[in-house]
*Asks:* 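Pasting a structure below so you can have a look.
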2 protein chains.
Amino acid sequence: MKDTDDKLTSRNIKPTAMRELVLDILTEQTAAISLSDLEQKFHKSDKVTLYRTLKTFEENKLIHSIDDGTGAVKYALCKESCQCHPEDLHVHFFCIKCQHTFCLSDIPIPSINLPVNFSIENINMVVKGVCSNCNE
Amino acid sequence: MKDTDDKLTSRNIKPTAMRELVLDILTEQTAAISLSDLEQKFHKSDKVTLYRTLKTFEENKLIHSIDDGTGAVKYALCKESCQCHPEDLHVHFFCIKCQHTFCLSDIPIPSINLPVNFSIENINMVVKGVCSNCNE
DNA sequence: AAGTTTATGCAACTGAGTTGCAAACTATTC
DNA sequence: GAATAGTTTGCAACTCAGTTGCATAAACTT
């Protein structure tokens with residue numbers, strides 16, 4: 001639990017039992033998960049607590065959210081160094097077969113030449129297709 | 001009404017009074033609009049009819065939908081030649097000040113080198129920031 | 001005109017996300 | 001270590017976008 005605790009405190013999040021559990025579950029995932037996915041990993045759980053836990057994690061940049069177009073926002077762990085600035089962002093991939101949403105952490109979002117006087121804050125880029133697992 | 005009719009029939013959509021009205025409203029817009037935005041442009045209207053009208057338009061590639069992360073899907077007219085294939089897609093911009101969502105029709109989505117065995121179907125790219133109107 | 005298909009309108013529902021409030025817990029101060 | 005203040009958790013209840021079922025209305029077919 002020491003590791004989990006450290007990760008939380010290093011992001012200025014008080015390590016409660018609940019938060020440790022949620023962080024552990026998030027750490028196990030190979031794909032991004034939604035609030036209701038998370039809810040189903042608990043036998044008895046309160047959606048609101050999980051919701052607020054995710055919000056806290058996101059505000060403190062422990063996790064980032066992905067709007068993959070499925071109607072439910074997904075969440076995935078940030079890298080240790082991540083500050084969620086435009087230069088930290090990567091492309092996400094949604095597989096239309098297995099319905100999983102992956103971080104393509106190694107693929108940075110390409111820079112865009114916006115029209116004059118447009119300033120940029122954030123970019124969301126989701127590629128839809130079939131992942132390598134589902135391509136035979 | 002002849003023009004509107006032609007646009008509908010050329011996309012294999014039967015030109016009803018309702019659909020003409022909706023298409024006219026969509027044509028007037030400078031920014032993408034949501035179902036509830038559309039609903040408010042009618043004095044008396046049925047959300048479901050508008051919803052199905054938009055679905056029909058989208059299926060027939062008269063309009064495309066944009067998930068800008070606000071929680072409500074936005075819609076905007078496609079160009080005449082658009083088939084909504086990856087090569088037809090453009091970047092979208094969401095202004096965090098005026099809350100408008102624009103098509104940056106001249107900015108194609110940059111191509112991405114996906115990992116091996118990933119195939120691509122579609123890309124959604126939304127840049128958030130401040131538009132030129134709102135930047136003083 | 002009768003029958004078939006398609007579009008529209010109403011009611012009612014789902015599911016994600018959210019707020020308010022009270023109880024439980026944690027941290028702080030004496 | 002008890003009193004207090006601040007934070008977290010759990011429950012109820014709500015909002016709002018999107019959606020389905022079904023009945024009526026309108027448009028096509030022969």
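Being a predicted model, the structure only gives us computed values, none of them experimental. We name chains A, B, ... by the order of the sequence lines, and we start the count at 1 in each one.
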*Asks:* Looking across every strand, which nucleic acid part, if any, lies under 4.0 Å from B:Thr16 by heavy atom: base, sugar-phosphate, or nothing?
*Replies:* sugar-phosphate
*Asks:* Nearest nucleotide by nearest heavy atom, which residue falls closer to the 5' end of DNA chain D, B:Lys14 or B:Gly71?
*Replies:*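 Of the two residues, B:Gly71 wins.
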*Asks:* Would you kindly compare B:Tyr75 and A:Lys44 by the position of their nearest DNA chain D nucleotide and give the one closer to the 5′ end?
*Replies:* A:Lys44
*Asks:* In this structure, how many angstroms lie between the C1' atom of D:dT7 and the CD1 atom of A:Ile13, rounded?
*Replies:*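 These atoms are roughly 14 Å apart.
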*Asks:* Using a cut-off of 4.0 Å on non-hydrogen atoms, how would the nucleic acid contact of A:Lys47 be classed: base, sugar-phosphate, or nothing?
*Replies:*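 Result for A:Lys47 = base.
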*Asks:* Please tell me which of the listed nucleotides, C:dT8, C:dC10, D:dG10, lies nearest to the side chain of A:Thr49?
*Replies:*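 Minimum distance to the A:Thr49 side chain belongs to D:dG10.
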*Asks:* Let me know the distance between CG of A:Leu21 and C1' of D:dG10, rounded to the nearest Å.
*Replies:* 16 Å
*Asks:* Among D:dT20, C:dG17, C:dT8, which is the nearest nucleotide to the side chain of B:Val48?
*Replies:* D:dT20
*Asks:* At 4.0 Å (heavy atoms only), tell me whether B:Thr56 reaches a base, stays on the sugar-phosphate, or touches nothing.
*Replies:* nothing
*Asks:* Above 12 or not: heavy atoms from other molecules or residues under 6.0 Å from CD of B:Gln83?
*Replies:* yes
*Asks:* Nearest to the side chain of B:Tyr51, heavy atoms from C-beta on, is which of D:dT8, D:dG10, D:dG18?
*Replies:*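 Minimum distance to the B:Tyr51 side chain belongs to D:dG18.
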*Asks:* Would you state whether a donor and an acceptor, one from the side chain of B:Arg52 and one from the base of D:dG18, lie under 3.5 Å apart?
*Replies:* no
*Asks:* So what does A:Ser36 hit on the nucleic acid, given a heavy-atom distance under 4.0 Å: a base, only sugar-phosphate, or nothing?
*Replies:*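 Sugar-phosphate, no base atom in range.
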